[in-house]
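Take a look at the structure below.
What's counted below: heavy atoms across the whole structure, side chains too, no hydrogens, waters or symmetry copies. Residue numbers begin at 1 in each chain, while the letters A, B, ... track the order of the sequences.
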There are 2 protein chains.
Amino acid sequence: MQQSLSPFDIGRIRGLEPARERAGGEQVSPCGACSVRHLTFCAPLGEEELNHVSRIVQNIELHPGDPLFDEGEDATHLYSVTAGAMKVYKLLPDGRRQIIGFLFAGDFLGLADDEAYAYSAEAITHSALCRFPRRKLEALLERYPRMERRLLGMASHELAAAQEQMLLLGRKTAKEKIASFLLSLGRRAEQRGQTANPVSVPMSRNDIGDFLGLTTETVSRTFTQLRQAKLIALMPAGRVDLLDVEALQDIAEGN
Amino acid sequence: MQQSLSPFDIGRIRGLEPARERAGGEQVSPCGACSVRHLTFCAPLGEEELNHVSRIVQNIELHPGDPLFDEGEDATHLYSVTAGAMKVYKLLPDGRRQIIGFLFAGDFLGLADDEAYAYSAEAITHSALCRFPRRKLEALLERYPRMERRLLGMASHELAAAQEQMLLLGRKTAKEKIASFLLSLGRRAEQRGQTANPVSVPMSRNDIGDFLGLTTETVSRTFTQLRQAKLIALMPAGRVDLLDVEALQDIAEGN
DNA sequence: CGACGAATTGAAACATCTCAAAACTCGTGG
DNA sequence: CCACGAGTTTTGAGATGTTTCAATTCGTCG
């Protein structure tokens, strides 16, 4: 794997650098300069609240393949992705892996109803994250219900996505899974203000398989099928051109 | 299907009757008498708060097979199950169905990050629910952050369950799926204070299949396999005796 | 340019599905 | 109390989509 940084990601990470430079002094809230704040759970916060957030946040940078935390570890922190792409997954004792989700700028991770993380997290591309001590963040949530409300909204959204994924895993064919996956990646890129059509697919075939409940080989064969049917085109740097979105949507819905 | 009411459920529903009789007058909060409150999102509420809840809640009773709402409908209400068993599911246009979850006393449903329900809900057994107008409940959440916090906790819990189900759907074999399912039903029954071992399985083979991403036939065959291996015994009234929990756990984890 | 991991392609194996029929359950009515 | 009937569950046999195992090609990076 070890995907290199896409042009977009470099831009994102550069954009965040002011926020990462937290001189101890009384400078303006670095969170105020956060270019992806509107996507995160910090979206509803005002000037003063952001200052409080700034004081407890720490900025993390990860390289492709770097682990963030492992399933079962003590869930001491919550994270918000500000740039790049992450994967979160669960393992069975014999090594079978299910990727629970891919995370991009704006997504958070580390919410655990237990004391321990319920999944492992690892960087796919060069990524940047904000790291919040759980206890301190909880104290903040107590003070700023708007933030808690936002978090509930994001959790609801994630829940809906998880349910959609259950439908995919339990009832869709390989072709339907791949079509759904590509469209979903496109939709999410769009939400982040990126280009939805030649969609960026930064993860490996193996990761895609472990996300869709397929093997690497089946993923590859299905891409080939879609390519031969002129529904997609594989471009350099892990980009996929969706040549016939309508047809892909029909396939994704099972028609 | 049309499962008849189990002795337990009758008890539950009877236990709730005081709460269902909402004379318009100034009587004591019917929610104060709720026998499953500790399981619901009303758990953290005090005397006064419960009174407010009582004023906006309505009690619903459903018979086996009764629909509660359909995917895509305007999400005007939230519900909390107080007795019985429900199923929530999503459909593909051609009729393929994925059951997203089975709900029992204490579980809530209807949380939508959109204006519309993301799934359909239907009663499996004779069931009772509390029905809350979304707008009014949201106003209450604003006033009682404790309730919102509890809801976030329950949503996190659901999210973790959904992720576990993704692992099951994407990576487990039929035998592992069935073993996981039975153990999970048992654990949940236990949490509600019911018997975990001869576990109650009120749903049809078809429902189980649509929950686990299998066909009815495969579910049936797998039950037979487990029965022949002396790991379970099928008892009357949809109960399953887990004869060797350890072995079932090993199977469920993929060992 | 050379090399190593990732992706693709091929052929055979297999778990689950599909189609079909028999057996069972349980409520109902004679 | 027993027999009937409709729906559900179980069992069987054959079909199939996906996996497994193996080999080749591609792409990227040193």
Side-chain angles (χ1 to χ4, degrees), chain A residues 1-6 63-65 87 92 94-98 124-126 168-179 201-228 232-240 251 254, chain B residues 1-6 63-65 87 92 94-98 124-126 168-179 201-228 232-240 251 254:
Chain A
M1 221 187 328
Q2 300 291 101
Q3 295 277 346
S4 69
L5 208 54
S6 83
H63 291 273
K87 61 187 173 202
L92 287 172
D94 67 356
R96 276 175 286 172
R97 184 179 67 154
Q98 178 65 38
I124 292 175
T125 65
H126 188 181
L168 178 150
L169 289 169
R171 288 300 180 220
K172 290 189 182 178
T173 66
K175 204 195 275 193
E176 291 163 0
K177 286 176 177 181
I178 297 285
V201 182
M203 62 291 287
S204 69
R205 295 286 182 266
N206 190 42
D207 282 350
I208 297 173
D210 282 350
F211 182 57
L212 301 179
L214 300 170
T215 58
T216 309
E217 295 92 328
T218 300
V219 172
S220 182
R221 278 186 248 274
T222 308
F223 268 95
T224 301
Q225 263 184 264
L226 293 175
R227 184 163 46 76
Q228 286 171 346
I232 63 172
L234 302 181
M235 305 168 74
R239 296 188 92 79
V240 177
I251 292 171
Chain B
M1 220 189 325
Q2 299 291 101
Q3 296 277 346
S4 69
L5 208 55
S6 80
H63 291 273
K87 61 187 173 202
L92 287 173
D94 65 357
R96 277 175 286 172
R97 184 178 67 152
Q98 178 66 38
I124 293 174
T125 65
H126 188 181
L168 179 151
L169 289 169
R171 287 301 180 221
K172 290 188 181 177
T173 66
K175 204 196 276 193
E176 292 163 0
K177 285 176 177 181
I178 297 286
V201 182
M203 61 291 289
S204 69
R205 295 286 182 267
N206 191 39
D207 283 350
I208 297 173
D210 281 350
F211 181 57
L212 301 178
L214 301 169
T215 58
T216 309
E217 294 93 328
T218 299
V219 171
S220 183
R221 278 187 248 273
T222 307
F223 267 96
T224 301
Q225 262 184 265
L226 293 175
R227 184 164 46 74
Q228 288 170 345
I232 64 172
L234 302 182
M235 305 167 74
R239 296 189 91 79
V240 177
I251 292 171

*asked:* Taking the side chain as everything from C-beta on, heavy atoms only, tell me whether B/R97 gets closer than 4.5 Å to B/N206.
replied: yes
Nucleotide [N], atom [atom2] - distance to [atom1] of [X] in whole Å:
X      : N      : atom1 : atom2 : result
A/K177 : D/dG17 : NZ    : C1'   : 11 Å
A/R96  : C/dA15 : CZ    : P     : 12 Å
A/L226 : C/dT8  : CG    : C1'   : 15 Å

*Within the modelled atom types, does a donor on one side and an acceptor on the other bring the side chain of B/R221 and the base of C/dT18 under 3.5 Å apart?*
yes
*Quick one: is C/dC17 close enough that its OP1 or OP2 comes under 4.0 Å of any side-chain N or O from B/T215?*
yes
*Mind checking A/G213 for me? I need base, sugar-phosphate or nothing, with any heavy atom below 4.0 Å counting as a touch.*
sugar-phosphate
*Within the structure shown, what part of the strands sits under 4.0 Å from A/L234 by heavy-atom distance: base, sugar-phosphate, or nothing?*
sugar-phosphate
*Return yes if some donor-acceptor pair links the side-chain N/O of B/R227 with the main-chain N/O of B/T222 below 3.5 Å, else return no.*
no
*Just by modelled atom types, is the A/R96 backbone N or O under 3.5 Å from a matching donor or acceptor in the B/R171 side chain?*
no
Listed nucleotide nearest any side-chain atom of [X], set [options]:
X      : options               : answer
A/E217 : D/dT10, D/dC21, C/dA7 : D/dC21
A/S204 : D/dT18, C/dA7, D/dT11 : C/dA7
A/S220 : D/dT20, D/dT10, C/dT9 : C/dT9

*asked:* Go nucleotide by nucleotide along DNA chain C from the 5' end; which of B/P236 and B/T218 gets its closest nucleotide reached first?
replied: B/T218
*Let me know, please, whether B/T224 or A/K175 comes out on the 5' side of the other along DNA chain D by nearest nucleotide.*
B/T224
_Matching residue for A/T215 among A/V219, A/L212, A/T218 - test: side chain to side chain contact (heavy atoms under 4.5 Å, CB included)_ = A/T218
